[in-house]
Engineer: 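Below you'll find the structure I mean.
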Amino acid sequence: MIRVLTGLHVATAVALFSSAAASSAQAPAALKGYVSEDSPVIVLMHVRVIDGTGAAPAEDQRIDIEAGKITRVQGAKLRNAIPSNAKILDLTGKSVIPGLVGMHEHLFYTGPERGKDGLPFWIEMIDSGPRLYLAGGVTTARTAGSMEPYTDLALKKLIDQGEKPGPKLRITGPYIGDLLGIAPQLHALADPEDAGRTVDYWAAEGVTSFKAYMGIKPEELKVAIEHAHAKGLKMTGHLCAVGFREAAALGIDNLEHGIVVDTEFLPGKKPGICPAKEAADDFAKNVDIEGAPVQAMIRDLVAHHVAVTSTLAVFEISVPNRPALKKMLRAKDALSAPGWSTYLRVRSSIAEENNPQSAISLKKEMQFERDFVKAGGLLMAGCDPTSFGGVLPGYGDQRGVELLVEAGFTPLEAIHIATQNGAVYLGESDQIGSIGVGKAADLVVVAGNPAQNIEDIENVQLVFKDGVGFDPAKLTQSVQGLVGQR
Ligand SMILES: [Zn+2]
């Protein structure tokens with residue numbers, strides 16, 4: 001509070017101080033309905049700390065939070081004085097992890113079912129998206145492509161001003177490339193100059209990163225990257241016409257989804273052409289993750305400091321009967337009735353078809369992600385709430401962490417990937433992504449011990465963003481039935 005007052009006229013400062021003292025709360029009035037812990041000074045007592053660095057959990061700890069920051073992390077038994085105005089929360093049996101840094105997030109959802117000859121369409125999750133991210137423990141969300149960049153930017157502003165609940169948003173501009181007919185809502189590039197113009201325009205509008213999309217040609221990607229880098233902004237991509245090694249050579253910063261979408265191993269792949277289906281079939285049948293070409297690609301990405309975003313939750317839904325239906329009950333509550341029935345219908349058609357390809361591809365992707373990390377690569381995680389539906393903000397992020405554990409990472413490594421690694425990529429690791437003195441109090445309190453049982457990451461009790469404790473139940477109750485077609 002004191003820092004905020006620095007430099008203010010004394011009379012104003014006194015007035016502000018007394019109004020702050022009158023209300024002990026620190027959450028803006030508009031957020032009070034979603035908040036359960038609102039004291040300016042909070043002490044989390046007897047809590048297990050999983051700090052996001054990958055270090056072993058520290059048992060029976062105490063975390064002091066003041067004015068939105070972590071001011072102390074120590075053993076609960078040490079006898080440092082507790083601040084006189086502190087609210088003390090006894091968290092015996094609970095764990096605290098850093099707020100998740102979701103790196104493949106969207107603020108839109110799979111659109112309504114199309115009529116005969118209908119065009120594809122995506123709908124903005126203007127209320128439900130931000131609330132579900134926060135309720136799921138995602139305190140920072142980088143979008144990875146936008147359908148409505150102006151809406152995304154406006155949402156960010158409303159959240160930053162404390163008028164709406166939601167994570168700290170890092171907004172990516174509209175997808176850049178040829179959208180291959182997937183989304184008439186978006187601009188298809190005419191040529192490389194158009195790519196540069198598009199980047200410049202949206203950077204001026206306030207987006208802080210970009211995502212290239214499948215049909216983008218090498219020359220277009222090159223110019224887009226140059227324009228982004230000239231502004232100190234980063235470029236990620238869900239590529240197809242351009243292979244991973246080619247993109248790394250062009251200077252891309254991040255690749256989405258992993259090797260499942262890398263087309264470079266398809267024999268006879270033509271430059272600048274996206275052979276999505278053929279490459280996916282060939283990947284499942286013929287690509288060997290342990291083979292020399294893939295391992296050379298991995299080394300190349302690491303050498304070029306290209307990060308990879310894991311999106312296992314959205315791949316999993318294409319595998320017959322995955323995830324277990326009981327895992328979907330929370331999503332069912334948040335989805336509209338048509339949204340849920342669309343999900344169930346597609347789910348059962350995938351089960352009926354029972355094609356083994358998606359399970360093979362998921363397994364290979366997991367193997368790739370392990371090898372990429374082993375080689376020194378920066379792996380991050382996000383939920384990607386797209387495809388045919390069923391992957392929801394927040395819940396999908398939790399599922400992604402569970403799938404990283406299925407992939408062979410330890411729970412501590414998986415949490416590290418979903419927290420600190422994203423913060424490192426964003427250049428914000430001094431503030432977010434791990435638990436330490438001086439950092440923002442972006443913390444998720446969960447019942448149980450996710451270091452032993454990763455599914456405990458779903459038992460979110462409280463989500464602190466800058467020291468304000470949001471109640472996940474209040475957030476999710478406010479969006480029941482809002483996701484999907486209505
Ligand atoms: Zn996506």
Side-chain angles (χ1 to χ4, degrees), residues 36-37 39-83 86-102 134 136-140 167-168 381 397-398 401-402 404-405 409-424 428-472:
S36 56
E37 294 301 337
S39 303
V41 185
I42 295 175
V43 174
L44 311 182
M45 211 44 137
H46 303 301
V47 71
R48 177 182 302 101
V49 174
I50 297 168
D51 71 3
T53 65
E59 301 291 331
D60 198 18
Q61 296 291 295
R62 159 184 166 188
I63 297 178
D64 292 18
I65 300 169
E66 268 185 73
K69 301 275 184 199
I70 299 168
T71 54
R72 178 177 279 153
V73 183
Q74 63 165 47
K77 290 191 182 69
L78 293 174
R79 286 168 184 273
N80 284 316
I82 286 178
K87 167 98 183 271
I88 301 170
L89 304 180
D90 185 339
L91 299 181
T92 304
K94 300 192 170 71
S95 305
V96 63
I97 65 173
L100 302 180
V101 180
L134 198 56
V138 178
T139 52
T140 301
K168 297 170 180 175
D397 293 273
Q398 295 167 356
V401 176
E402 294 170 6
L404 285 168
V405 174
F409 294 104
T410 68
L412 294 170
E413 287 168 338
I415 291 167
H416 170 64
I417 288 164
T419 57
Q420 193 176 31
N421 282 0
V424 166
E428 299 185 53
S429 57
D430 59 334
Q431 278 303 307
I432 60 169
S434 62
I435 298 176
V437 172
K439 292 186 177 166
D442 290 0
L443 302 166
V444 187
V445 176
V446 299
N449 183 4
Q452 271 168 14
N453 174 31
I454 194 60
E455 287 184 299
D456 286 347
I457 201 170
E458 296 177 18
N459 305 330
V460 176
Q461 312 280 298
L462 198 52
V463 180
F464 286 98
K465 191 182 89 170
D466 291 326
V468 174
F470 289 86
D471 181 339

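In this chain, numbering begins with 1 at the start of the sequence shown.
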Engineer: Nearest 0.5 Å, please: how far is NZ in Lys87 from CD1 in Ile65?
Structural biologist: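 Rounded to the nearest 0.5 Å, the CD1-NZ separation comes to 11.5 Å.
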Engineer: Kindly write out the residues that satisfy side-chain contact (heavy atoms from CB on, under 4.5 Å) with Val43, not counting sequence neighbours, or none if the list is empty.
Structural biologist: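 For Val43, the residues satisfying side-chain contact (heavy atoms from CB on, under 4.5 Å) (neighbours in sequence not counted) are Met45, Arg62, Asp64, Ile82, Pro83, Ala86, Ile88.
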Engineer: Answer whether the closest heavy-atom distance between the side chains of Asn449 and Ile50 falls below 4.5 Å.
Structural biologist: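 Yes, at least one pair of side-chain atoms sits under 4.5 Å.
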Engineer: Measure the spacing between CD1 of Ile42 and OG1 of Thr71 and express it to the nearest 0.5 Å.
Structural biologist: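 Between Ile42 CD1 and Thr71 OG1, I get 11.0 Å after rounding to 0.5 Å.
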Engineer: For residues Gly433 and Ala423, report the shortest heavy-atom separation together with the two atoms involved.
Structural biologist: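 Reported closest heavy-atom pair: CA-CB, 3.9 Å.
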Engineer: Any heavy-atom pair between the side chains of Lys439 and Ser434 that's under 4.5 Å?
Structural biologist: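 Sidechains of Lys439 and Ser434: in contact.
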Engineer: Asp442 side chain to Asp466 main-chain N or O, any donor-acceptor pair under 3.5 Å?
Structural biologist: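 Yes; at least one donor-acceptor contact below 3.5 Å.
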Engineer: Ignoring hydrogens, what is the shortest heavy-atom contact between Gly438 and Gln431? Give both atom names and the distance.
Structural biologist: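 Gly438 and Gln431 have their closest heavy atoms at O-NE2, 3.6 Å.
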Engineer: Kindly give the heavy-atom pair with the smallest separation between Val138 and Pro167, and that separation in Å.
Structural biologist: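 Distance-wise, the nearest heavy atoms are O-CB, 3.3 Å.
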Engineer: Please report the closest heavy-atom contact between Val405 and Ala414, naming both atoms and the distance.
Structural biologist: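 Between these two residues, the closest heavy atoms are CG2-CB, 3.7 Å.
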Engineer: Taking the side chain as every heavy atom from C-beta outward, state whether Ile457 and Glu402 have any pair of such atoms under 4.5 Å apart.
Structural biologist: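 The answer is yes; the side chains approach within 4.5 Å.
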Engineer: Can you measure from CD1 (Ile432) to NZ (Lys465) and round to the nearest 0.5 angstrom?
Structural biologist: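 The distance works out to 11.5 Å.
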Engineer: Are any non-hydrogen side-chain atoms of Val445 and Phe464 less than 4.5 angstrom apart?
Structural biologist: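 The answer is yes; the side chains approach within 4.5 Å.
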Engineer: I would like to know whether Arg72 and Gln61 meet side chain to side chain contact (heavy atoms under 4.5 Å, CB included); could you show each step before the answer?
Structural biologist: CA-CA 10 Å; Arg72 178 177 279 153; Gln61 296 291 295; over 6 Å; no
Engineer: How long is the gap from CG on Leu100 to CD on Gln398, to the nearest 0.5 Å?
Structural biologist: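 Leu100 CG to Gln398 CD: 7.5 Å, rounded to 0.5 Å.
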Engineer: Restricting to non-hydrogen atoms, name the atom on Pro411 and the atom on Ala451 that form the minimum distance, rounded to 0.1 Å.
Structural biologist: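 In terms of heavy atoms, the two residues are closest at CG-O, 3.4 Å.
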Engineer: Taking all non-hydrogen atoms of both residues, which atom of Ala418 and which atom of Val401 are closest, and how far apart?
Structural biologist: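 Of all heavy-atom pairs spanning Ala418 and Val401, the closest is CB-CG2, 3.6 Å.
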Engineer: Taking the side chain as every heavy atom from C-beta outward, state whether Val96 and Leu91 have any pair of such atoms under 4.5 Å apart.
Structural biologist: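 Of all side-chain heavy-atom pairs linking Leu91 with Val96, none is under 4.5 Å.
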Engineer: Taking the side chain as C-beta and beyond, is there a heavy-atom pair between Asp51 and Val73 under 4.5 Å?
Structural biologist: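 SC-SC contact between Asp51 and Val73 ruled out.
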Engineer: Taking the side chain as everything from C-beta on, heavy atoms only, tell me whether Thr139 gets closer than 4.5 Å to Lys168.
Structural biologist: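 With C-beta onward as the side chain, the pair stays apart.
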Engineer: List the residues meeting side-chain contact (heavy atoms from CB on, under 4.5 Å) with Glu59, not counting sequence neighbours, and say none if there are none.
Structural biologist: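 In terms of side-chain contact (heavy atoms from CB on, under 4.5 Å), with neighbours along the sequence ignored, Glu59 is linked to Arg48, Pro57.
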Engineer: Between OG1 of Thr92 and CG of Asp60, what distance do you get to the nearest 0.5 Å?
Structural biologist: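 CG of Asp60 is found 7.0 Å from OG1 of Thr92.
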Engineer: Find out whether Leu462 and Leu89 are in side-chain contact, i.e. whether some heavy atom of one side chain is under 4.5 Å from a heavy atom of the other.
Structural biologist: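 Yes, close enough: below the 4.5 Å cut-off.
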Engineer: To the nearest 0.5 Å, tell me how far Asn421 CG sits from Ile415 CD1.
Structural biologist: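 If we round to the nearest 0.5 Å, Asn421:CG and Ile415:CD1 are 12.5 Å apart.
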